[in-house]
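Working notes for the structure below.
As a basis for the values below, the full set of heavy atoms in this structure was taken, side chains included, without hydrogen atoms, waters or symmetry mates. Numbering of ligands and ligand atoms starts at 1, following listing order.
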Amino acid sequence: MNSLFFRKSVIAATGLFLCIFLIVHLSANCILLLPEFIARDMYNSYSTTLRESPLIKIVAYVLYAAILLHTFYALLITLRNRKAKPEKYVVNHSNENSTWTSQNMGLIGIVILLFIVVHLANFWARIKLGIGEEVKLDALGNKDVYEVTYALFHNIYFVIFYTLISIPLALHLHHGLKSAFKSLGFYHKNGLQLLAKVSLVYAIIMGVGFGIIPFIVYFK
Ligand code: HEM
């Protein structure tokens with residue numbers, strides 16, 4: 001349970017699950033790019049389905065557990081590496097193009113964790129837990145999550161915050177996904193090269209997607 005292999009496997013498996021969540025989350029948030037008369041109903045109906053479906057509720061608990069486990073074991077490994085000789089654990093493959101990122105995954109992870117806390121406080125806590133300003137209902141009787149998002153992304157500071165955070169997010173996803181593939185045993189050289197490209201494309205799509213949506217909503 002405490003071996004480095006076990007910890008790395010948990011980080012890799014939970015990380016891959018979080019990567020899948022982000023694909024779904026970005027796809028859903030692309031609804032915000034549609035004209036308002038379609039986007040509002042679609043976004044609010046989607047959000048209601050997520051909150052009310054028993055199956056998705058279970059997936060949501062798995063998601064929270066994945067975030068906690070990923071953070072816990074990643075912090076454990078980072079602290080252990082800091083205590084020991086840091087350079088001992090630096091992976092230095094010839095095709096490694098993000099040495100700074102690989103050495104600072106813990107730090108970047110903490111920045112993303114802080115972002116998630118702020119993000120959940122603004123959306124999830126208000127919408128799901130009913131904490132803070134009450135969320136109004138739309139014409140169909142669904143919680144107007146579109147309005148919450150629209151209002152937040154009409155504050156330029158939030159827009160800049162979301163856009164800036166997409167940079168460490170992309171760096172973390174690029175290196176994290178590559179490392180997860182390695183940790184889970186995809187060692188074959190050609191396969192690894194392909195997976196490295198997949199990781200890069202994935203990270204770019206996530207970074208650009210999450211970074212650009214707040215700006216487009218701002219100018220809507
Ligand atoms: C354009 C950027 C984003 C927008 C507009 C957005 C919007 C939202 C909204 C509206 C919710 C609440 C959903 C609901 O309960 O109905 C939510 C939840 C959440 N978001 Fe985001 N999000 C964005 C980016 C991100 C990013 C980059 C991450 C992670 C790095 C993230 C992680 C989460 C998590 C973990 C939840 C809780 C999921 C749940 O309980 O179902 N979001 N987001």
Under a heavy-atom criterion of less than 4.0 Å, does [X] contact ligand 1?
X	answer
Leu32	yes
Leu152	no
Phe21	yes

In terms of atom number and element, which parts of ligand 1 are under 4.0 angstrom from non-hydrogen atoms of [X]?
X	answer
Phe153	5 (C)
Arg51	16 (O)
Leu63	38 (C)
Val145	10 (C)
Leu22	28 (C), 29 (C)
Leu169	27 (C), 30 (C)
Tyr64	39 (C), 40 (O)

Taking everything shown except Lys197 itself, do over 12 heavy atoms lie less than 6.0 Å from its NZ? no
N or O pair under 3.5 Å between Lys128 and ligand 1: yes
Please test Asn155 against Tyr218 for side chain to side chain donor-acceptor pair (under 3.5 Å), starting from the C-alpha separation and ending with a verdict. CA-CA 8 Å; Asn155 178 336; Tyr218 183 77; over 6 Å; no
How would you list, by chain and number, every residue that makes a side chain to side chain donor-acceptor pair (under 3.5 Å) with His70, sequence neighbours excluded? Thr14
State which residues pass side chain to side chain donor-acceptor pair (under 3.5 Å) with Arg40; sequence neighbours excluded, sorted by chain then number. Glu36, Asp144, Glu147
Who pairs with Phe17 by ring-ring contact (aromatic ring centres under 6.0 Å, His included), at least two apart in sequence or on another chain? none
For atom 26 (C) of ligand 1, the protein heavy atom that lies nearest, with its residue and separation: Phe115 CE2, 3.6 Å
Would you indicate whether the side-chain heavy atoms of Tyr146 and Ile31 approach each other to under 4.5 Å? no
Distance alone, cut at 3.5 Å: any donor-acceptor contact between the side chains of Tyr162 and His119? yes
Does the side chain of Ser47 come under 3.5 Å of the side chain of Arg51 through a donor N or O and an acceptor N or O? yes
Within one Ile-Leu-Val-Met-Phe-Trp-Tyr cluster: Leu18 and Ile110, side-chain cutoff 4.5 Å: no
Is any protein N, O or S atom closer than 2.8 Å to atom 21 (Fe) of ligand 1, and if so, which? His25 NE2, His119 NE2
Quick one: does ligand 1 sit under 4.0 Å from the side chain of Tyr43, the backbone, both or neither, non-hydrogen atoms only? side chain
